[in-house]
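First up is the structure itself, then whatever we jot down about it.
Residue numbers start at 1 and run along the sequence shown. The figures that follow rest on heavy atoms only: side chains count, while hydrogens, waters and symmetry mates do not.
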Amino acid sequence: MSAPNKRSSTSSTSSSSSRTPTKRLLTELSAFNSSPASSHPTLIALVPSPSSLLSLRAILSGSPLPISTGYASGRWLLNITIPPNYPNSPPTITFVTKICHPNVKWETGEICLDVLKENWTPVLGVVGALEAVGRLLGEPGVDSPLGVEVASLLRQGDTIGARGLVGFWCGEERFDGVLEEGGEKDARR
């Protein structure tokens, strides 16, 4: 008779642990949606997937960044995947829209940012992580780049060349769609 109790206790625990990320995300989304846009200048939109709350989409804008970065005209769609043990583990955030940046892999959109890996803290949350990605656009790290071409230009001191390359790709790969509760719509299609 102890086996059934043990089983129901286990399923209750796993059910409870699967609700933790969901409850936390709902709280974060509610706080984001009720805050003024000025409190998240680079983060334009954040919506869950229609099929799972543990998969979200976001739009980042480069408009608040200095023109000198080259990213001021950019607008990018990002994918956020929430792990089952969130908030104890960081979300996986990738650029869906191509971006030319020293800390982003062009082919996959993978982001190299310490707060999304070893320096993650649950206090940061999804919105804080996206804000950190937005700040990264204006403050690239060139020591261990994923985008080696633009990082090489910056390491050599060719800020004009880097800005030109970044600006070109911001125009070519700009996401002009919108995010809605049911998914995104691309204005280019």
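Using a 4.5 Å heavy-atom threshold, the side chains of Pro90 and Lys117 count as separate. For the pair Pro48 and Leu29, the minimum side-chain heavy-atom distance is below 4.5 Å. A heavy-atom distance below 4.5 Å is not found between the side chains of Thr27 and Arg24. Between Leu77 and Leu179 the shortest side-chain heavy-atom distance falls below 4.5 Å.
The minimum heavy-atom distance between Asp176 and Arg174, with the atom names listed, is OD1-NE, 2.7 Å. A pairwise comparison of heavy atoms in Arg57 and Val96 identifies NH1-CG2, 3.6 Å as the closest pair. Among all heavy-atom pairs drawn from Cys170 and Trp76, the shortest one is SG-CZ2, 3.7 Å. Residue Asn79 comes nearest to Ser55 through the heavy atom pair OD1-OG, 4.1 Å, listed as atom of the first residue, atom of the second, then distance. In this structure, Leu65 and Tyr71 approach most closely via the heavy-atom pair CD1-CB, 3.8 Å. Closest non-hydrogen pair, Pro66 versus Ala72, comes out as O-CB, 4.2 Å.
Distance check: Ile160 CD1 to Leu165 CG gives 14.0 Å after rounding to the nearest 0.5 Å. The line from CD of Glu172 to OG1 of Thr97 is 13.5 Å long, rounded to the nearest 0.5 Å. Ile59 CD1 to Leu78 CG: the interatomic distance, rounded to the nearest 0.5 Å, is 9.5 Å.
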Kindly list each side-chain donor-acceptor pair under 3.5 angstrom involving residues 99-116, sequence neighbours excluded, with atom names and distances?
from   : atom 1 : to     : atom 2 : distance (Å)
His101 : ND1    : Asn103 : N      : 2.9
His101 : NE2    : Leu136 : O      : 3.0
Asn103 : OD1    : Gly141 : N      : 2.8
Asn103 : ND2    : Gly141 : O      : 2.8
Thr108 : OG1    : Glu110 : N      : 3.2
Asp114 : OD2    : Asn119 : ND2    : 2.9

Cut-off 3.5 Å, no hydrogens considered: what does the side-chain donor-acceptor table look like for residues 145-155, sequence neighbours left out?
from   : atom 1 : to     : atom 2 : distance (Å)
Ser152 : OG     : Gln156 : NE2    : 3.1
Arg155 : NE     : Val142 : O      : 3.0
Arg155 : NH2    : Val142 : O      : 3.3

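Within the 3.5 Å criterion, the main-chain N or O of Gly125 finds no donor-acceptor partner in the side chain of Glu28. A donor-acceptor pair is defined here as one N or O able to donate and one able to accept, closer than 3.5 Å; such a pair exists between the side chain of Ser35 and the backbone of Phe32. Checking side-chain atoms of Arg75 against main-chain N and O of Phe175 turns up a donor-acceptor pair under 3.5 Å. Side chain of Tyr86 to main chain of Val126: a donor-acceptor pair is present (N/O by atom type, distance under 3.5 Å, no hydrogens or angles).
A continuous path of Ile, Leu, Val, Met, Phe, Trp and Tyr side chains, each step under 4.5 Å between heavy atoms, connects Leu26 with Ile80, placing both in one hydrophobic cluster. Trp169 and Ile67 are not part of a single hydrophobic cluster, where members link through side-chain heavy atoms under 4.5 Å apart.
Considering Leu46, Val127, Leu130 in turn, Val127 is the only one that fulfils the side-chain contact (heavy atoms from CB on, under 4.5 Å) rule with His40.
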Checklist line | Pair Val47-Leu56, side-chain contact (heavy atoms from CB on, under 4.5 Å): steps then yes or no | finding: CA-CA 6 Å; Val47 298; Leu56 301 104; over 6 Å; no
